[in-house]
Amino acid sequence: LAVQNAAPREDIGAATGLVTLGRTIGASLGLALNGAVMTWALDGQQAILPAGIATRLPKGGLAAAAPHDLAALPAAMRDTALNFYNQGFSAVFLFVAAMFAISTVLAILLPRVQLPARAK
């Protein structure tokens, strides 16, 4: 909305298209980056997972484990594996929280633009 209000009247369509393109690219890159952070974190947790549990997981370890793979483990092993899995997701949460904090600071630093009065 700020971009549309700041754009000259003859460029509102182009500004709207640019915002939509930026939003689409940002969503795609954001999803890919979150997936990369999650895979990196789960691989890190896999490296320190006790060997008895690691050998009972499918090829690919925690990152490839499906709910039925974890359900097949004995209760104590399943709880340990889920704890390591949870720690991997904690890294993703912290990454996203940092991105939101940076985005908030950048939004605050945006220049203030007087919105023009438009004819109805």
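Keep in mind it's a predicted model, so treat the numbers as computed, not measured. When reading the values below, keep in mind they use all heavy atoms of this one structure, side chains included, and skip hydrogens, waters and symmetry mates.
- Of all heavy-atom pairs between A41 and A91, the closest is CB-CB, 3.6 Å.
- Through direct or relayed side-chain contacts under 4.5 Å between Ile, Leu, Val, Met, Phe, Trp and Tyr, L94 connects to F93.
- Here L18 sits alone; no ILVMFWY side chain lies under 4.5 Å from its own, so it joins no hydrophobic cluster.
- Judged as a side chain to side chain contact (heavy atoms under 4.5 Å, CB included), and not counting sequence neighbours, the contacts of N83 are Q87.
- For residues 10-19, the side chain to side chain donor-acceptor pair (under 3.5 Å) pairs, not counting sequence neighbours, are Q4-T16.
- Counting heavy atoms from C-beta outward, R56 and P74 have side chains that approach closer than 4.5 Å.
- Here A15 pairs with V3, A7 under the side chain to side chain contact (heavy atoms under 4.5 Å, CB included) rule; sequence neighbours left out.
- Listed by chain and residue number, L21, L29 satisfy the side chain to side chain contact (heavy atoms under 4.5 Å, CB included) test with I25 (two or more places apart in sequence, or in another chain).
- Every residue meeting the side chain to side chain contact (heavy atoms under 4.5 Å, CB included) condition with A66, not counting sequence neighbours, appears here in chain and number order: H68, D69.
- Cluster partners of V105, by chain and number: L109. The rule joins Ile, Leu, Val, Met, Phe, Trp and Tyr whenever side-chain heavy atoms lie under 4.5 Å apart.
- Side chain of T55 to backbone of G52: a donor-acceptor contact under 3.5 angstrom is found.
- Screening residues 18-27 for side chain to side chain donor-acceptor pair (under 3.5 Å) gives no qualifying pairs among residues at least two apart or on separate chains.
- Clustering of Ile, Leu, Val, Met, Phe, Trp and Tyr side chains at separations under 4.5 Å places V37 together with L33, M38, L42, I48, L49, I53, L57, L62, L70, L73, M77, L82, F84, Y85, F89, V92, F95, V96, M99, F100, I102, L106.
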